[in-house]
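Heads up: the structure comes next, in structure tokens.
Residue numbering restarts at 1 for every chain, and letters A, B, ... go by the order of the sequence lines.
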Protein chains: 2
Amino acid sequence: MISSIAELIADRLGTMPASERRAAQTLIASYPMIGLKTVAEFSAAAGVSSPTILRFVARLGFQNYPEFQSSLQDELAAQLQSPATRTLNPPSPGGGTVSPMLEATLDNMRETFRHLSDKQLADIAARLADRRGKTFLIGGRFTDPLARYMAAHLAIIQPDVFHLAGQESMWRDRLIDMGKRDVLVIFDIRRYQDSLVRFAEKAHQRGVQIVLFTDQWLSPIARFARHVIAGRTAVPSAWDSSAALFVVAETLIGAVTRQLEAKGAKRIREMESLR
Amino acid sequence: MISSIAELIADRLGTMPASERRAAQTLIASYPMIGLKTVAEFSAAAGVSSPTILRFVARLGFQNYPEFQSSLQDELAAQLQSPATRTLNPPSPGGGTVSPMLEATLDNMRETFRHLSDKQLADIAARLADRRGKTFLIGGRFTDPLARYMAAHLAIIQPDVFHLAGQESMWRDRLIDMGKRDVLVIFDIRRYQDSLVRFAEKAHQRGVQIVLFTDQWLSPIARFARHVIAGRTAVPSAWDSSAALFVVAETLIGAVTRQLEAKGAKRIREMESLR
DNA sequence: CAAAATACGTAACATACGATACAGCGCTCC
DNA sequence: GGAGCGCTGTATCGTATGTTACGTATTTTG
């Protein structure tokens, strides 16, 4: 059953020509506000011509544009009156494949942060913002992108940030560069990778401070880590979810940025002038 | 301070003539829907004449009726999207200090999925699971890790999955390998990268099906995309958040895996025996 | 109570909006 | 490679919509 125009669009998206699909996607992207404006504005936002917009609403089954707008307004009015029914997409009863995934992910995040105090985060951020040493980041098979993501941001706001990539032999040799003042950020969830554990141990022996992102079962690296962030990873899927760790990473990136700004780091001001 | 039109009306209600007050009360009664309709409908609902409505909005300080309607729409859009007003409903469960960053991120995810139907995701998953062509993934400066993450998973459950990395000249030449049956997954959020746009355009000309992950303002690549996923990226930080897109990516990975399992792909069974 | 000022609606007006006809273009299928 | 079809934008048209002028009704004030 189709109860909202958004659903109707999703349903017929496949049968639409390219330009009309652009219109549809533009509408969905900022649903439903664009649809309440004039045809001219709608078409400009979508980058198509006005007739295309009209053909688009015609395809959805409306006689004319005002009728289409009325429907949107009615829908909006209904939503405003019952905030509970705020969900645009129906709760996907029964065999819904998406919502359980999202719900689980959101739960994971809440749970992850519940076990993570502001102080912990602030401490780690302070460590990362302390620019007397270098920062190295590395991840496992599936978590390496998280290390990359974090490195991409940190490298902008401070110097000496290195993502360790490629073959094991490549980064193993970088151990020579690491010392007491340096920080090593490791992402490792099951199945924990032996190579990473060995690497972490050697780094630990050299006095490197290790920040570990892992799952709730804790990678063996936790043994060597100065800071451990345990994220929830369980979702109804064949794979584990790294989303909670991702959010923690983003939070940390934000916290480090803020601390450096507070310190009045010259680099930050320079960066902002460049943006 | 007056922040909404409703407040503005309440403020000046006392200074209004009888008919205009009727108009005001009618608007408040079913705020703000009546205001979005035509002057004629508004006047009929209030039981006054059209000029009275016009005088009413003029008294509120608007130059003309369309300007008044635009303000209402902006207000509505802000309500629909801002987490601030929504915190009225779920009063921040759990006690104490939850980072505003997390709250914003969770809202972004809910909002992103609110604009994303099961059917859309299923369609995209079906496209990715359709193994008659190759799959290429690429991302921008900060989103490339997302492309990597997705590639790392997809490459396991099916052949011919390629992450395009390195210098622009490197992947630009891969266009030669791309054709109608192939899929190109692009991650691009602002600031949108020209190189990616150009790449997408060329791929599009070759008939490649493009799946675009972008932010709510839509990368120009949306023009060429077969499927567009618009994620929310705003967080209280110096950086945009890719967390919502990350979760969508994970959801898609899960969906593709399930579809391939359902198809009874030999590869999947082999994989499972290896885990 | 008279006279003025304000409030309000009717009716004519101009504009901007949605709708339509048509031509150019690309694509698919013989 | 040619013919046909579907998609898309340009230009034009009719009209619904917001706007304004003006006359009547109502209230206010000396």
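- Ring orientation note: the planes of Phe68(B) and Phe42(B) are close to parallel, at an angle under 30° on the 30°/60° scale.
- Here dA19(C) presents its P atom at 14 Å from CZ of Phe56(A), a figure rounded to the nearest Å.
- A pairwise comparison of heavy atoms in Tyr65(B) and Ile34(B) identifies OH-O, 4.3 Å as the closest pair.
- In this structure, the CZ atom of Phe42(A) is 13 Å from the P atom of dA19(C), given to the nearest Å.
- Heavy atoms of Pro51(A) sit under 4.0 angstrom from at least one base atom.
- For Glu20(B), counting side-chain heavy atoms from C-beta on, the closest listed nucleotide (dT20(C), dC8(C), dG9(C)) is dC8(C).
- Atom CD1 of Ile53(A) is separated from atom P of dC17(C) by 15 Å (rounded to the nearest Å).
- In this entry the distance linking CZ of Arg22(B) with C1' of dC8(C) reads 12 Å, nearest Å.
- In this entry the distance linking CD of Gln205(B) with P of dG26(C) reads 12 Å, nearest Å.
- Where DNA chain D meets chain B (any atom under 4.0 Å from a heavy atom), the bounding nucleotides read 5' to 3' are dT17(D) to dT20(D).
- Atoms CD (Gln63(A)) and C1' (dG18(C)) sit 14 Å apart, rounded to a whole Å.
- Annotation for Ala6(A) and Tyr31(A): closest pair N-OH, 3.3 Å, computed over non-hydrogen atoms.
- Crowding of Arg148(A) atom CZ: a count of heavy atoms from other residues, nucleotides or ligands under 6.0 Å exceeding 12.
- To the nearest angstrom, C1' of dA21(C) lies 14 Å from CG of Leu54(A).
- Here CG of Leu116(B) is found 8.5 Å from OG1 of Thr251(B). Values are rounded to the nearest 0.5 Å.
- Heavy-atom nearest nucleotides on DNA chain C were determined for Val57(A) and for Thr52(B), and the one closer to the 5' end corresponds to Thr52(B).
- A distance of 6.0 Å or more separates the ring centres of Phe136(B) and Trp171(B).
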